[in-house]
Amino acid sequence: MASSSSSSSPVVAERRGIPGASFVRDVQTYLTESGLDVNSALAFLQERLQQYKIVEMKLLAQQRDLQAKIPDIEKCLDVVATLEAKKGTGETELLLADFEVSEGIYSRARIEDTDSVCLWLGANVMLEYSCEEATALLQKNLENAKASLDILVTDLQFLRDQVTITQVTIARVYNWDVHQRRIRQAAAAAAATTEDS
């Protein structure tokens, strides 16, 4: 997309692979500088809009995953903190916990005084950590997940801005084309009227 101070605002640099859209102020100059006719410009802009929509779907899926992951990490941190709190008290009472074996299937466990926990890392991998190591790892994972979520929210806002700019540009190009057709029709009608006279 061509840009100049007269036809469109400066192109916003891309953000994490998402190309920036430029607002077209003067459609005629934009079409001349880009070397496109109206139909080609509209096709290009529609294609760009579709690309934005696909990226938006991917980012929304990542956002949903992170929003589900953060509470899980927080629950794990709470469990490890509870185990650590129980460890030093010398209480003889066992800790009872219900845990999910499979989706919708739970089992009850009695947890004795322990110095380590097993964390499910994914990809069929579970590792045993001391409570301190597990707390540090989970805290780091929680911070990373929250930072990733913040970046995703910023990316989604940037993407929505680009979608809006592209939609406005499509409308401006289309309306300009309709206006130009009406001018040509009025000129042709006026020329036909003068020839008839």
ask   = Should L152 and D65 be marked as a side chain to side chain contact (heavy atoms under 4.5 Å, CB included) after you check the CA-CA gap, both sets of side-chain angles, and the distance that decides it?
value = CA-CA 11 Å; L152 270 175; D65 292 345; over 6 Å; no
key: Whether Y52 side chain and P19 backbone form a donor-acceptor pair below 3.5 Å   =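 At least one qualifying donor-acceptor pair exists.
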query = Sub-3.5 Å donor-acceptor pair from the side chain of Q50 to the main-chain atoms of Q46, do we have one?
reply =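 Flag not set: sc Q50 to bb Q46 has no pair under 3.5 Å.
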Nearest heavy-atom neighbours spanning [X] and [Y]:
{"X": "D37", "Y": "L31", "answer": "O-CD2, 4.0 Å"}
{"X": "T166", "Y": "A21", "answer": "OG1-CB, 3.6 Å"}
{"X": "L42", "Y": "I170", "answer": "CD2-O, 3.7 Å"}
{"X": "V117", "Y": "C131", "answer": "CG1-SG, 4.2 Å"}
{"X": "A97", "Y": "I111", "answer": "CB-CD1, 3.9 Å"}
{"X": "R172", "Y": "V27", "answer": "O-CG2, 3.8 Å"}

R184 atom CZ, neighbour heavy-atom count above 12 within 6.0 Å =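 Count over threshold, so yes.
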Rounded to the nearest 0.5 Å, what separation is found between the [atom1] atom of [X] and the [atom2] atom of [Y]?
{"X": "R108", "Y": "D98", "atom1": "CZ", "atom2": "CG", "value": "4.0 Å"}
{"X": "R48", "Y": "K53", "atom1": "CZ", "atom2": "NZ", "value": "14.5 Å"}
{"X": "K69", "Y": "L149", "atom1": "NZ", "atom2": "CG", "value": "11.5 Å"}
{"X": "M126", "Y": "C118", "atom1": "CE", "atom2": "SG", "value": "6.0 Å"}
{"X": "N141", "Y": "D72", "atom1": "CG", "atom2": "CG", "value": "12.0 Å"}
{"X": "Q28", "Y": "Q180", "atom1": "CD", "atom2": "CD", "value": "6.5 Å"}

task = Could you tell me whether K146 and D150 have a side-chain N and a carboxylate O separated by less than 4.0 Å?
result =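 Judged by the 4.0 Å cut-off on N to carboxylate O distance, K146 and D150 do not form a salt bridge.
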inquiry  = Here's a test for you: under side-chain hydrogen bond (donor to acceptor under 3.5 Å, both in side chains), which of Q62, R16, Q63 qualifies with D155?
reply    =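 So the option named by the test is R16.
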message = Could you work out, with salt bridge (charged side-chain N to carboxylate O under 4.0 Å, His left out) as the rule, every residue matching E143, not counting sequence neighbours?
response =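 For E143 there are no salt bridge (charged side-chain N to carboxylate O under 4.0 Å, His left out) partners, ignoring immediate neighbours.
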key: Flag side-chain contact, heavy atom, 4.5 Å: V79 against K75   =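 With C-beta onward as the side chain, the pair stays apart.
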task = State, yes or no, whether a side-chain contact exists between L156 and F158 at a heavy-atom distance under 4.5 Å.
result =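 No; the side chains remain at least 4.5 Å from each other.
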Applying the 4.5 Å side-chain criterion to the ILVMFWY set and letting contacts propagate, would [X] and [Y] be lumped into a single cluster?
{"X": "L119", "Y": "V125", "answer": "yes"}
{"X": "W176", "Y": "V178", "answer": "yes"}
{"X": "L59", "Y": "I151", "answer": "no"}
{"X": "V80", "Y": "W120", "answer": "no"}
{"X": "L60", "Y": "I54", "answer": "no"}

